[in-house]
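Because the structure is predicted, anything quoted here is derived from the model rather than measured. Residue numbers begin at 1 in each chain, while the letters A, B, ... track the order of the sequences.
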Amino acid sequence: MTELGLGLRVSVTLCFEPRADQIGSLRNALSDLCTPHISDADELSRLLLTAHELLENIVKYSAGGDVEFECTIERVTGGLRARLRTRNRADPNRLDDVRARLAALGAANDAISHYDEMIRDSAGKREGSGLGLARIEAEGEMRLEYRIDGDELTITAEGAISDHGRP
Amino acid sequence: MSELSTLVTDGFTCTPTLDAAELSIVFAGSGDMHAVAPVADYLKQVHELAVQCSLSRVSCDFRSLTFMNSSCFKAFVVWIDTVKNAPQPYAIRFLTDPNLHWQRRSLEALRRLAMQVVSIEN
């Protein structure tokens, strides 16, 4: 068994064939793992929302084969730092779509304003949501980055987690 | 209530009650991928009933709703936008549990979409 590093509180990596009916169970397992280290329920809620949206993304958009999900919680000066990462194969249309969405998110000055604009735009579109990644930044308060290597897509969400209230 | 029945899907339910000029719906469980299409269809039916009965308000009780994904959230966006642009908009009230922290963040976004229509109560 590998020991966690000095600052790590949680480090879990899952490789699996994505299934929609497993997302709730995975989110609950992540909640159980992280709850002892994140005393603020609102902060934990942000993390779990982010995990849920990322997991649904790989279920909906994976082009087959195994996928990878990683979550780390690390103690840093002033609190905790969460990092969630997914890796999956995706078809070219999906890669173009993600590239455009994340470029728009990266260019936005304010995550909430951008989210509100996307919500207004989505109201007229009867198919698809397109809100998941923007929701991670606005409601999850996580910063998203991505990397495309061939047909492999890696999305990383990272953000500070307050642990005020913890002795 | 013949026009709107209880919706039951895998791990998610909507239970309506029609009382005078108000329709109340209790949402329970987790609104995940399985619930997306049923919720979207259900909210269309809610709107049809609200217009047909000239309701003044629809209350959505989220106090037993543990989570809602972005696709179910989108279904509410479409519904609220429809109501906002209706000739005679009715009020939409969300009843929330402050301990379910995702609700405050998500529902504030819905309220910003239609501040004249949407209200949030604990």
**Distance in Å, His101(B) NE2 paired with Leu44(A) CG, rounded so as to fall on 0.5 Å steps** = 9.0 Å
**Complete:** Smallest heavy-atom separation, Ser70(B) atom then Gly132(A) atom, equals OG-CA, 3.5 Å
**Asked** Just wondering, more than 12 heavy atoms not from Glu108(B) lying within 6.0 Å of its CD?
**Response** yes
**Prompt:** If every non-hydrogen atom of Ser71(B) is compared with every non-hydrogen atom of Lys60(A), which pair is closest and at what distance?
**Reply:** OG-NZ, 3.4 Å
**Message:** If I take atom CG from residue Leu113(B) and atom CG from residue Asp116(A), how far apart are they, to the nearest 0.5 angstrom?
**Reply:** 8.5 Å
**Item:** Under 4.5 Å from any heavy atom of chain A - which part of Ser30(B)
**Value:** side chain
**Item:** Asp32(A) CG: over 12 foreign heavy atoms closer than 6.0 Å
**Value:** yes
**Request:** Give a yes or no on whether Leu55(A) and Tyr146(A) share a hydrophobic cluster (residues Ile, Leu, Val, Met, Phe, Trp, Tyr; joining criterion: side-chain heavy atoms under 4.5 Å apart).
**Result:** yes
**Check: Arg105(B) and Arg46(A) side chains under 4.5 Å, non-hydrogen atoms** = yes
**Item:** Heavy-atom pair of closest approach, residues Ala123(A) and Val78(B)
**Value:** O-CG2, 3.8 Å
**Prompt:** Got a second to check how far Lys84(B)'s NZ is from Arg120(A)'s CZ, nearest 0.5 Å?
**Reply:** 8.0 Å
**Fill in**
Highest number of heavy-atom pairs under 4.5 Å with chain A among Ala40(B), Gly11(B), Ser106(B) belongs to Ser106(B)
**Prompt:** Glu141(A) versus chain B, heavy atoms under 4.5 Å apart: side chain, backbone, both or neither?
**Reply:** side chain
**Asked** Any idea how His52(A) and Phe67(B) line up, ring-wise: parallel (<30°), tilted (30 to 60°), or perpendicular (>60°)?
**Response** tilted
**Request:** Examine whether an atom of Leu49(A) lies under 4.5 Å from a heavy atom of chain B, and if so say whether it belongs to the side chain, the backbone or both; otherwise answer neither.
**Result:** both
**Message:** Heavy-atom cut-off 4.5 Å, strictly under: side chain, backbone, both or neither for Glu139(A) against chain B?
**Reply:** both
**Message:** If we define contacts as heavy-atom pairs under 4.5 Å, which of Ile119(A), Asp42(A), Leu48(A) has the most with chain B?
**Reply:** Asp42(A)
**Single-linkage hydrophobic cluster Tyr61(A)~Leu14(A), side-chain heavy atoms < 4.5 angstrom** = no
**Item:** Verify same cluster id: Val51(B), Tyr42(B) (apolar side-chain graph, 4.5 Å)
**Value:** no
**Item:** Main-chain N/O of Asn69(B) paired to Glu56(A) side chain as donor or acceptor, under 3.5 Å
**Value:** no
**Message:** Is it the case that atom CZ in Arg99(A) sees more than 12 heavy atoms from other parts of the structure closer than 6.0 Å?
**Reply:** yes
**Message:** Using a 6.0 Å cut-off, check whether atom CD of Gln88(B) has over 12 heavy atoms from anything other than its own residue.
**Reply:** no
**Message:** Under 4.5 Å between side-chain heavy atoms, counting indirect links through other Ile/Leu/Val/Met/Phe/Trp/Tyr residues: same cluster for Leu144(A) and Ile112(A) or not?
**Reply:** no
**Prompt:** Can you check whether Trp102(B)'s main-chain N or O pairs, donor with acceptor, with Ser45(A)'s side chain at less than 3.5 Å?
**Reply:** yes
**Side chain, backbone, both or neither of Arg135(A) within contact of chain B (heavy atoms, under 4.5 Å)** = side chain
**Asked** Between Lys74(B) (side chain) and Gly130(A) (backbone), is there a donor-acceptor pair under 3.5 Å?
**Response** no
**Request:** Look at atom CD of Glu121(B) and say whether more than 12 heavy atoms of other residues, nucleotides or ligands are closer to it than 6.0 Å.
**Result:** yes
**Asked** Do Leu95(B) and Val39(B) belong together in a cluster built from hydrophobic side chains that touch within less than 4.5 Å?
**Response** no
